[in-house]
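Report on the structure given below.
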Number of protein chains: 2
Amino acid sequence: MTTKIDVLLVDDHAVVRAGYKAYLSLSGHVGMIYEAERGESACQLYSQHQPNIVIMDLSMPGLGGFESIRRLISRDPHCNILVSSIHNELVYVSRAIKAGAKGYITKNNSPEILLTAVYQVASGNTFVEPSLAQQLAVNVLSERGIANQIEELSPREFDVFCLLANGMTTRGAAEKLCLSYKTVCNHTTVIKEKLGIKTLAELALVATREGILETLDRNSFAMLEK
Amino acid sequence: MTTKIDVLLVDDHAVVRAGYKAYLSLSGHVGMIYEAERGESACQLYSQHQPNIVIMDLSMPGLGGFESIRRLISRDPHCNILVSSIHNELVYVSRAIKAGAKGYITKNNSPEILLTAVYQVASGNTFVEPSLAQQLAVNVLSERGIANQIEELSPREFDVFCLLANGMTTRGAAEKLCLSYKTVCNHTTVIKEKLGIKTLAELALVATREGILETLDRNSFAMLEK
DNA sequence: TTAGTCATGGGATTTTTTCCTGAACTTAAA
DNA sequence: TTTAAGTTCAGGAAAAAATCCCATGACTAA
């Protein structure tokens, strides 16, 4: 590689940024490294410096990672965004790519893979971590979109889903819906199967992720403390 | 500082380790840097090399963190452990310190603070990130504990709590913690009783509300709107 | 009509959970 | 040192919950 790669690092953890910066510098192929803590400043820095690649973490306060990607892409559709996340769930990969990211790797990887990904994405190619790409391929071919699994629930199943996700017991849900306990049990079994989950905790997590719960906002806890 | 500091890095994210390593090396005060991905190897490396400090990630979903701290401490009570976590919730700080950690900083901090913390802890002092220390002080004095109910969980119960909250099955948790299935069942029963809940979904919701899980960022479902 | 899905639940079986119990261990206090 | 209290671990019996299979009626779309 002849010219050096300019990088924009977006991660809300300053220590992690410092680490990446130090590591990338060692490679010798990286030129300028700009840093942003959140989406807003990332957009600004991007317009200003036009780096060859944006390395972005997904979990950030303010604009989340996905929203940040969308914004960057809407300003420059050719923007090369590499997501570096701690999440290896397909939902994340899928959403990131749909949002416009050109690459996705998890932080579990060897640092060499990071460099590979950086080179690839910076030169306009795509790079999805092999194991994830594999899973994703299968998942897409099996035709059932990842997050759309909830769409697969029948109306009644969705009712049950919501009640359970809010922490209600099977018996409670049955009562609320004026159904037999057995019916709710059966629905629940189907729901779990459709969503590919095993526990009620997962069910609650899925619901939370999809924003299906009127999430008790973060502050409700702070309220309790006073 | 005359002698250099030997460091053992424990973090399951290889890329992050590489970053820390690169950054710490720049400081000039750090000597050997050993790396471990998991608690088991951390214990081994510790016995082998007796580093001056262990920098440990808590890596939430896996939950190796607290247990690893306990193990290290049980082998060498004077072991200097600095937790570097992405979590800024008091529960974590409190748990880590109770487990025997000598310091706690979040990854949001400036890298300079990391160095400060490293120096302090490596020389046998303690260092808790100022803002957290402040909150903690008030919280402890205000008598009503952090999220008092969660605080009532014994260390082991808390381990189980975290795993279940992440959607793991009882059997899965048992395996992860090398416990009998029955033991985990019994812990679970006590947990539910202490928290005053009935279902695993509620357990997940409590964990989410208390910020014990990092769920998807808030804005993720904004994606769905388009 | 026919085929399909959906909602509903019963019955038998399996799995999970509860409740009670006790042992081993640690720690702190008397 | 002895005692007491708390924690961790786990087994057995019993209760509860969930699963699996099946059948019914209702509605819908081709």
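Reminder, nothing fancy here: chain letters follow the sequence lines and each chain counts from 1.
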Rounding to an integer number of Å, can you tell me how far [X] [atom1] sits from [N] [atom2]?
X        : N      : atom1 : atom2 : answer
A:Phe161 : C:dA7  : CZ    : C1'   : 19 Å
B:Ile191 : C:dT17 : CD1   : C1'   : 13 Å
B:Ile73  : C:dT27 : CD1   : P     : 13 Å
B:Asp159 : D:dT8  : CG    : P     : 8 Å
A:Glu193 : C:dC6  : CD    : P     : 13 Å
A:Phe158 : C:dA7  : CZ    : P     : 13 Å
A:Glu157 : C:dT8  : CD    : P     : 10 Å
A:Leu153 : C:dA7  : CG    : P     : 10 Å

Heavy atoms from C-beta onward define the side chain here; which of [options] lies closest to that of [X]?
X        : options                : result
B:Arg156 : D:dC9, D:dT7, D:dA18   : D:dC9
A:Ser180 : C:dT18, C:dG10, D:dT19 : C:dG10
A:Thr189 : C:dT18, C:dG9, D:dC20  : D:dC20
B:Tyr181 : D:dC20, C:dT17, D:dT8  : C:dT17
A:Thr183 : C:dT8, C:dG10, C:dT18  : C:dT8
B:Leu179 : C:dA7, D:dC9, D:dA18   : D:dC9

For this session: Please indicate whether B:Lys194 has more than 12 foreign heavy atoms, meaning atoms of other residues, nucleotides or ligands, lying under 6.0 Å from its NZ.
Result: yes
Exercise. Would you say C:dT18 has OP1 or OP2 under 4.0 Å from some side-chain N or O of B:Lys192?
Worked result: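 So the side-chain polar atoms of B:Lys192 do come within 4.0 Å of the phosphate oxygens OP1 or OP2 of C:dT18, strictly under.
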Exercise. So does B:Thr188 get a side-chain nitrogen or oxygen closer than 4.0 Å to the phosphate oxygens (OP1/OP2) of C:dT17?
Worked result: no
For this session: May I ask you to say what A:His187 touches in the nucleic acid, namely base, sugar-phosphate or nothing, with a heavy-atom cut-off under 4.0 Å?
Result: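 Base contact.
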For this session: Could you tell me whether B:Lys198 contacts a base, only the sugar-phosphate backbone, or nothing, with contacts defined as non-hydrogen atoms closer than 4.0 Å?
Result: nothing
Exercise. Could you walk me through whether B:Asp11 and B:Lys21 pass the salt bridge (Lys or Arg N to Asp or Glu O under 4.0 Å) check?
Worked result: CA-CA 11 Å; B:Asp11 193 314; B:Lys21 188 170 181 176; over 6 Å; no
Exercise. Does a distance-only test, which skips hydrogens and angles, find a donor-acceptor pair under 3.5 Å between the side chain of B:Lys182 and the base of C:dT18?
Worked result: yes
For this session: Would you state whether a donor and an acceptor, one from the side chain of B:Asn186 and one from the base of C:dC19, lie under 3.5 Å apart?
Result: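 Between C:dC19 and B:Asn186, which were checked side chain against base, a qualifying N/O pair under 3.5 Å is present.
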For this session: With side chain to side chain contact (heavy atoms under 4.5 Å, CB included) as the test, would you mind laying out the steps for A:Ile86 and B:His13 before giving the verdict?
Result: CA-CA 8 Å; A:Ile86 58 171; B:His13 303 305; 3.4 Å; yes
Problem set entry | Side chains of A:Thr106 and A:Ser85 in contact at under 4.5 Å (non-hydrogen atoms) |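 No, side chains not in contact.
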Problem set entry | Nearest heavy atoms of B:Val128 and B:Ala133, plus distance in Å |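 So the two residues come closest at CG1-N, 3.8 Å.
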